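Since the structure comes first, as structure tokens, the remarks are kept for the end.
Predicted, not measured: the structure shown is a model, and the values here were computed from it. Every chain is numbered from 1, with letters handed out A, B, ... down the list of sequences.
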Amino acid sequence: MKVRTLHSWPATADEAEAVQDRLRPLLDLTGSGPAEVGTVAGLDVSYEEGTDRLAAAVVVLDAATLRPVEESVVIGTAAFPYVPGLFAFRELPTLVEALERLTTVPDLLVCDGHGLAHPRRFGLACHLGVLTGLPSLGVGKTRLVGSYDPPGEPRGSMSDLVDAGEVVGRVLRTQDGVRPVFVSAGHRIDLDTACRHVLALAPDYRLPETTRRADRLSRQALAGPLPA
DNA sequence: GCGACAG
DNA sequence: ATCTTGTCGC
């Protein structure tokens, strides 16, 4: 599939923040979300210790059966230092390349990291949504911003994630008794629809099958034969 | 000034 | 993200 560029690569943290502020208005936060989701793509990145070598993986699943229909992995390098709030710039170039090698155009992107639950309301999920034009959502394993009350213990329990007085995401328990995940909208989807999809994608484990599969793929790619 | 801080 | 032993719980 094709992915737009929309901006030059930032050289400094200030420039990176400026990019986020400039792309932020391009977000489509109206409407409830994709009408029909046939395929869902999961994205994840694994890093090699000590170096800036990484592997970005995209796995497309059939939304109904959760069976993989296409995979894509690309070895690359971290394109930015890790700075909370600017995390997306590390993985974006390699993730985009992996997406571009995809034959299937997925109906939804499930990203590892936050969407609107971000200090400037433009996390990785928002960024990828705008660049691809596809509906996207973020699933974070830990909090970046916001406060919340602990959700109930049963699977499906949730509570609002609130930052600066606004609901930026939801804390969702995907399995009985496990640590909850942080779900936020990225692009062209609302929070309720996002949570509904994440729950459906996580029938057996804490993390959605999309990210679990992408995680496995990216790790095996890193371990695999290094290019001569 | 002292914490907090996606992956 | 990644490095790591034992340990608690079902």
Side-chain angles (χ1 to χ4, degrees), chain A residues 10 13 16-17 19-20 23-24 27 42-59 73-96 98 109-131 136-148 153-155 161-164 167-172 174-187 191 194-195 198 204-208 210-224 226:
Chain A
E17 288 189 15
V19 168
Q20 294 179 328
L23 298 188
R24 169 77 182 73
L27 284 175
L43 301 81
D44 192 29
V45 172
S46 291
Y47 295 79
E48 185 178 71
E49 38 146 336
T51 64
D52 57 352
R53 183 163 172 272
L54 54 77
V58 182
V59 176
V73 211
V74 174
I75 300 295
T77 48
F80 211 79
Y82 173 68
V83 179
L86 300 179
F87 158 68
F89 293 95
R90 278 178 83 66
E91 323 188 323
L92 225 34
T94 315
L95 279 174
V96 165
L109 260 36
V110 176
C111 310
D112 63 310
H114 301 287
L116 291 178
H118 174 278
R120 281 172 300 285
R121 307 292 178 261
F122 201 77
L124 175 65
C126 298
H127 208 136
L128 281 169
V130 167
L131 294 188
S136 66
L137 64 85
V139 178
K141 294 181 286 296
T142 61
R143 181 202 76 103
L144 174 60
V145 295
S147 56
Y148 59 95
E153 288 304 311
R155 160 182 156 86
L161 179 63
V162 181
D163 183 49
V167 177
V168 296
R170 203 156 280 156
V171 187
L172 171 67
T174 53
Q175 297 293 322
D176 293 355
V178 304
R179 270 192 305 151
V181 297
F182 299 77
V183 180
S184 57
H187 182 54
L191 192 50
C195 287
V198 171
D204 300 319
Y205 297 93
R206 176 187 178 230
L207 297 179
T210 36
T211 65
R212 296 187 75 237
R213 277 256 168 60
D215 179 76
R216 268 199 299 140
L217 183 55
S218 63
R219 293 197 192 206
Q220 74 168 56
L222 263 193
L226 10 171

Separation of B/dA4 atom P from A/F87 atom CZ, nearest Å, is 21 Å
For B/dA4, does OP1 or OP2 lie under 4.0 Å from any side-chain N or O of A/R143? no
Nearest-Å distance, CG (A/D176) to P (C/dC10)? 13 Å
Below 4.0 angstrom from OP1 or OP2 of B/dG7, is there any side-chain N or O of A/K141? yes
Would you please indicate if the ring centroids of A/F87 and A/H114 are separated by under 6.0 Å? no
Nearest 0.5 Å, please: how far is CG in A/L43 from CG in A/L217? 11.0 Å
So does A/T142 get a side-chain nitrogen or oxygen closer than 4.0 Å to the phosphate oxygens (OP1/OP2) of B/dC5? no
Do the non-hydrogen side-chain atoms of A/L54 and A/T94 ever get within less than 4.5 Å of each other? yes
Under 4.0 Å, counting only non-hydrogen atoms across every strand here, what does A/L54 touch: a base, just sugar-phosphate, or nothing? nothing
Here the distance between atom P of B/dG7 and atom CD of A/E49, to the nearest Å, is 20 Å
Cation-pi check for A/Y205 against A/R212: NZ or CZ below 6.0 Å from the six-membered ring centre and within 45 degrees of the axis, yes or no? yes
When we call it a touch if two heavy atoms are under 4.0 Å apart, what does A/G123 touch: a base, just sugar-phosphate, or nothing? base
Specify whether A/F182 and A/Y148 have parallel, tilted or perpendicular ring planes, treating 30° as the upper limit for parallel and 60° as the lower limit for perpendicular. perpendicular
Using OP1 and OP2 only, check whether a side-chain N or O of A/Y82 sits under 4.0 Å from B/dA6. yes
Check the distance between B/dA6's P and A/L128's CG and give it to me in whole angstrom. 18 Å
Provide, to the nearest angstrom, the distance between the CZ atom belonging to A/R90 and the C1' atom belonging to B/dG7. 8 Å
To the nearest angstrom, the CG-P distance between A/L144 and C/dA1 comes to 14 Å
Hey, does A/L86 reach any base, or is it just sugar-phosphate, or nothing, if we go heavy atoms under 4.0 Å? base
Any base atoms under 4.0 Å from A/G85, or only sugar-phosphate, or nothing? Heavy atoms, all strands. base
What's the CG-P distance between A/D215 and C/dA1, to the nearest Å? 7 Å
For A/F182 and B/dC5, what is the distance between atoms CZ and P respectively, to the nearest whole Å? 10 Å
